[in-house]
Amino acid sequence: MELIVTEKNNAARRIADILSEGGASTDSVAGVNVYKWGGRRCIGLSGHVVGVDFPPEYSDWRDVEPAELVHADVVKEPTQEDIVNALQRLAREADDVVIATDYDREGELIGKEAYELVRDVNEDVPVKRVRFSSITDNEVRSAFADPDDIDFDLAAAGEARQIIDLMWGAALTRFLSLSARQMGEDFISVGRVQSPTLKLIVDKEREIEAFEPDDYWELFADLTKDDTTFEAQYFYEDEDGNEAERVWDEGDAEAAFATLQSASEAIVQSVSRRTRSDDPPAPFNTTQFIRAAGSLGYSAGRAMSIAEDLYTAGYITYPRTDNTVYPDDLDERELLAAFENTVFGDDAESLLDHDDLTPTEGDEETTDHPPIHPTTDFPNRNDLSEDEWEVYELVVRRFFATLAEPAVWEHLRVVADADGESLKANGKRLVERGYHAVYPYFNTSENYVPDVDEGDALALADPRMEAKQTQPPRRYGQSRLIETMESMGIGTKSTRHNTIEKLYDRGYIEDNPPRPTTLAKAVVEAAEEYADLVVSEGMTSELEADMTAIAEGEKTLDEVTAESREILDRVFDELTASRGEIGDHLRNSLKADKTLGPCPECGDTLLVRRSRTGSYFVGCDGYPECRFTLPLPSTGEPLVLDETCEEHDLHEVKMLAGRNTFVHGCPLCAAEEADESEDRVIGACPECGEEHGGELAIKQLQSGSRLVGCTRYPDCDYSLPLPRRGDIEVTDEYCEEHDLPELLVFDGEDDDDPWELGCPICNYEEYQERQRQKGLEVLDGIGPKTAEKLEDAGIEDVGDLTEADADALAEEVSGVSADSVREWQAKAD
DNA sequence: GCAAGGTC
């Protein structure tokens, strides 16, 4: 039997399909899909199925000096037992093994890992390697007709990366975490890719903080030819002889303004026309896809998650690619034709009308995967969610755009003179829509300037002088960050978006676009001071050079890792000498992220703290001497804002809870407001009214939440939820069933149209019923395996989860991603 | 429990 091993299940199925000419059947070996025909079996791995780690004696952080990890053994252990088992079971009976993993460095390493698993159980079976740059009939067949050998040097280059990343990452992560005494889930994480990325964000923030705005002025006036009026801007020639619009001196601006005010006309000095070609964009690689989806409002992680789903369903090609040149074997005309009878039919036909269909090309041409493009499988719109459809349409239209004509713009520039001061107007008109006709995602707004002639006298009216200030640099948005990472060569197409997610999870960045926390600044500072290499892109470029040397046989894995160990030893000499200092610095920063301001009771500092049960509250740093506390809302993760409350000098708090994120404000104000607000009694308590005379009242709690609760609390804890926002009005209408008044909620915007909440008991019952139905519906869509995992974690109803719960859940339940939980929640909405 | 890289 011949055993073929691929990098992923999808590739296994498609290769089996090609080699068997559609005759392969699907088998399950140890729960893993295996494709079978004639004397052949084909199994797909799931990327790396083994991973590197230190031996177990190094696993206790407190027992091991982090510097010891530099010289610890690095061992490989299976991480996907089921696939390893299936592979080895098949390998025992194999007479021949063919490694058909992806054609890149990581693919060579994954292939070598498979080779070693095969060797463990079958010492003699010949193992060959095939390489093809796309899974097409021709390429696959010719690769299999002429197999090659595994490139062990190339695989060793990948192994060196694994070892060095683990060694540096683990040793430094443990060192910083131990120094700051930050263990458990809030450890302080450092790594070759994440730390330089974090430095990018921190450096930008430093620029913003150091930025001092300059005042300047800009002047405008309206010019009219015949009945057409257009806006013109004042400009002058600066010291370097360049055209400038910003006037840096107020006196100069006012002088020019006075001239414009006294002038009643401007004489046209010059008119120039130019046509400009606006070329269609290159095919999508991962980064450019993320950028385009970002402009539609998708986060990088969400865009990739949707793309992966579309890929798995067969509607688009593999979304993780650096390639921006379509491969030779892609028949663009045939692919376009597949859209003829779809909603994209008109656009496809307009392109098919062209005799010449030459696609655009980007700079990067790699061989592992094609640029992202749609397949000939057209989805049924009802099978896709709205987001999925929107992203799919983007991919289709981008493919169209790469085959479309350039657009043509006509620029018209008019310069006029008003008593010695210059005014200009730049008009632009889209004369040929070109690719914009099929790709409507770019701005094509025009600016109309009428046809004028040299010497024309234009009426000048309404001169304006606008005072402005220079703006600080913009923060990196997620997609710009990913583009910068790509240009620096850090991370890979498959990991860059995960790195950003990781920075959020680790408490290094918050909000979108991401802002660094105080902790992030402290970690970057500590690294810059004692281990600069960790936050420099130099670490990656040196590693790349070393990996190339290993792949080309100029260096060995052992030489490269030994060099790296020596450098890391020296880093640790310095770190260890300053351990106390580093720890203090990190601890102070961690505290600063949680600091609210002065304690009203003792003057010490109020901090956001976490109780043993995991809930957040505000407590005094002077505890246990000072026992002052304030509650915080029960939903979400607290984030201390820059804004402070004037009355108490305390920072405001925002509760991050995904879609339900809200600003709680100053916790002391919230508590005082609750103390001052009177409970409004609305009826008898259904639980204890008859027996003890308990009554239901609308209450405002110190934590900011409101509820309908029993006046005998805490003896009776009967309660019903109320919305956090809006004024509640008690009406004269009573619910017949519960004998309680109907409630109205005025939520600011429209006083004429309040939310009719009704009887609070009926409302709560309806709410529970809705949640139950959503939960069931959503669970239906989850699939049996995941549902089982959720049940194991004690969760029966996804609809009940808050988004903060969802994140925790994703962490707890292995194999469930935060993204997918969010998706279920979106469905539950 | 640490990294980064595959894949789901």
Side-chain angles (χ1 to χ4, degrees), chain A residues 6-12 32-33 44-54 56 58-64 66 68-70 72 74 79-80 82-83 101-102 104-114 155 157-178 182-197 304-313 318-320 368-369 485 490-499 501-503 506 534 539-540 543 547 564 568 783 785-786 789 810-811 814-817 819-820 823:
Chain A
T6 69
E7 188 153 322
K8 47 192 163 279
N9 176 52
N10 227 291
V32 178
N33 277 351
L45 305 175
S46 181
H48 292 287
V49 293
V50 295
V52 289
D53 205 350
F54 299 111
Y58 291 92
S59 54
D60 191 329
W61 292 31
R62 276 156 309 188
D63 284 356
V64 180
E68 285 180 50
L69 293 176
V70 180
V74 173
T79 50
Q80 308 251 36
D82 45 348
I83 297 178
T101 47
D102 284 359
D104 54 22
R105 183 175 60 221
E106 218 61 36
E108 206 68 24
L109 175 53
I110 291 165
K112 189 213 163 193
E113 288 161 358
E159 278 183 298
R161 179 202 58 71
Q162 286 186 317
I163 293 167
I164 290 170
D165 280 343
L166 174 66
M167 194 163 78
W168 281 77
L172 289 166
T173 295
R174 286 197 198 179
F175 178 86
L176 292 185
S177 305
L178 285 161
Q182 276 297 122
M183 318 285 279
E185 59 184 55
D186 291 326
F187 61 89
I188 296 175
S189 166
V190 174
R192 175 179 56 86
V193 171
Q194 58 165 295
S195 299
T197 306
M304 283 309 286
S305 155
I306 293 174
E308 276 154 24
D309 288 345
L310 292 171
Y311 160 69
T312 311
Y318 195 61
R320 293 186 276 262
D368 48 352
H369 300 285
M485 291 170 76
I490 60 174
T492 72
K493 66 213 175 204
S494 318
T495 57
R496 289 185 193 112
H497 60 276
N498 296 349
T499 300
E501 293 282 303
K502 193 184 283 178
L503 295 177
R506 298 286 150 85
V534 190
M539 181 89 188
T540 289
L543 184 62
M547 284 197 290
S564 189
L568 193 48
K785 270 194 179 173
T786 312
K789 283 183 190 160
E811 254 186 55
S814 74
V816 174
S817 76
D819 268 341
S820 53
E823 235 168 83

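Within every chain, numbering begins at 1; the chains are lettered A, B, ... in the order of the sequence lines, protein sequences first and strands thereafter.
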A.B. asks: Under the 3.5 Å rule, do the base of B/dC2 and the side chain of A/Asp53 count as making a donor-acceptor pair?
C.D. replies: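 When only heavy-atom distances are counted, A/Asp53 does reach the base of B/dC2 through a donor-acceptor pair under 3.5 Å.
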A.B. asks: Checking A/Ser177 side chain against A/Ile188 main chain: does a donor-acceptor pair fall under 3.5 Å?
C.D. replies: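 Looks like yes, one N/O pair under 3.5 Å.
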A.B. asks: Any N or O donor-acceptor pair linking the side chain of A/Ser189 to the base of B/dC2 at under 3.5 Å?
C.D. replies: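 Flag unset: no donor-acceptor pair detected.
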A.B. asks: Let me know the distance between NZ of A/Lys8 and C1' of B/dC8, rounded to the nearest Å.
C.D. replies: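 Distance, rounded to whole Å: 12 Å.
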A.B. asks: Please report, rounded to the nearest Å, how far the C1' atom of B/dG5 is from the CD atom of A/Glu108.
C.D. replies: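 Those two atoms, CD and C1', are 15 Å apart.
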A.B. asks: Which of parallel (below 30°), tilted (30 to 60°) and perpendicular (above 60°) describes A/Tyr318 and A/His369?
C.D. replies: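 Tilted: the ring planes of A/Tyr318 and A/His369 meet at 30° to 60°.
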A.B. asks: Quickly work out the A/Asp165 CG to B/dA3 P distance and round it to whole Å.
C.D. replies: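 Checked: the CG to P distance equals 10 Å.
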A.B. asks: Tell me whether the OP1 or OP2 atom of B/dT7 has a side-chain N or O from A/Tyr311 closer than 4.0 Å.
C.D. replies: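 Looking at the OP1 and OP2 atoms of B/dT7, neither is under 4.0 Å from any side-chain N or O of A/Tyr311.
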A.B. asks: Under 4.0 Å between a side-chain N/O of A/Arg105 and OP1 or OP2 of B/dG6, yes or no?
C.D. replies: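 A/Arg105 to B/dG6 OP1/OP2: no side-chain N or O under 4.0 Å.
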A.B. asks: May I have the distance from A/Ile164 (atom CD1) to B/dA3 (atom P), rounded to whole angstrom?
C.D. replies: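 That distance rounds to 17 Å.
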A.B. asks: Nearest to the side chain of A/Glu7 - B/dG5, B/dC8, B/dT7?
C.D. replies: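 When the side chain of A/Glu7 is considered, B/dT7 is the closest of B/dG5, B/dC8, B/dT7.
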A.B. asks: Starting at CD of A/Glu106 and ending at C1' of B/dT7, how long is that distance when rounded to a whole Å?
C.D. replies: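 In whole Å, B/dT7 C1' and A/Glu106 CD are 12 Å from each other.
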A.B. asks: Let's see if you can work this out: which of B/dG1, B/dC8, B/dG6 has an atom nearest to the side-chain heavy atoms of A/Glu308?
C.D. replies: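 My answer, after comparing the listed nucleotides, is B/dC8.
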A.B. asks: For A/Tyr58 and B/dC2, give me the distance from atom OH to atom C1', rounded to whole Å.
C.D. replies: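 Going from A/Tyr58 (OH) to B/dC2 (C1'), I get 15 Å.
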A.B. asks: Rounded off to whole Å, could you give me the CE-to-C1' distance for the A/Met547 and B/dG5 pair?
C.D. replies: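 From A/Met547 CE to B/dG5 C1': 11 Å.
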A.B. asks: State whether the side chain of A/Arg496 and the backbone N or O of A/Ile490 hold a donor-acceptor pair below 3.5 Å, judged by distance alone.
C.D. replies: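 Pair found, side chain donor or acceptor close to backbone of A/Ile490.
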A.B. asks: At under 4.0 Å, does any side-chain N or O of A/Gln194 touch on OP1 or OP2 of B/dA3?
C.D. replies: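 A/Gln194 to B/dA3 OP1/OP2: side-chain N or O found under 4.0 Å.
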A.B. asks: Here's a test of your reading of the structure: between A/Lys493 and A/Val52, which maps to the more 5' nucleotide of DNA chain B?
C.D. replies: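 On the 5' side of the pair lies A/Val52.
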A.B. asks: So does A/Arg161 get a side-chain nitrogen or oxygen closer than 4.0 Å to the phosphate oxygens (OP1/OP2) of B/dG5?
C.D. replies: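 False: A/Arg161 side-chain N/O out of range (4.0 Å or more) of B/dG5 OP1/OP2.
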A.B. asks: Is the shortest side-chain N/O distance from A/Thr495 to OP1 or OP2 of B/dG5 below 4.0 Å?
C.D. replies: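 So the side-chain polar atoms of A/Thr495 do come within 4.0 Å of the phosphate oxygens OP1 or OP2 of B/dG5, strictly under.
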A.B. asks: Expressed in angstrom and rounded to an integer, what is the separation of A/Leu109 atom CG from B/dA3 atom C1'?
C.D. replies: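 Going from A/Leu109 (CG) to B/dA3 (C1'), I get 15 Å.
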A.B. asks: Which atom names give the shortest non-hydrogen contact between A/Ala72 and A/Tyr58, and what distance separates them?
C.D. replies: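 Heavy atoms of A/Ala72 and A/Tyr58 come nearest at CB-CZ, 3.4 Å.
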A.B. asks: Check for me: is A/Trp168 stacked on B/dA3 by the 5.5 Å centroid and 30° plane-angle rule?
C.D. replies: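 Here the ring of A/Trp168 and the base of B/dA3 are not stacked, as the 5.5 Å and 30° limits are not both satisfied.
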A.B. asks: Report yes if at least one side-chain N or O of A/Thr499 is closer than 4.0 Å to OP1 or OP2 of B/dA4; otherwise report no.
C.D. replies: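 No, because none of the side-chain N or O atoms of A/Thr499 sits under 4.0 Å from OP1 or OP2 of B/dA4.
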A.B. asks: For A/Arg506 and B/dA3, is the shortest distance between a side-chain N/O and OP1 or OP2 below 4.0 Å?
C.D. replies: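 Answer is yes, contact under 4.0 Å.
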A.B. asks: Search all heavy atoms of A/Gln162 against all heavy atoms of A/Val52 and return the closest pair with its distance.
C.D. replies: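 For A/Gln162 versus A/Val52, the nearest heavy atoms are OE1-CG1, 3.7 Å.
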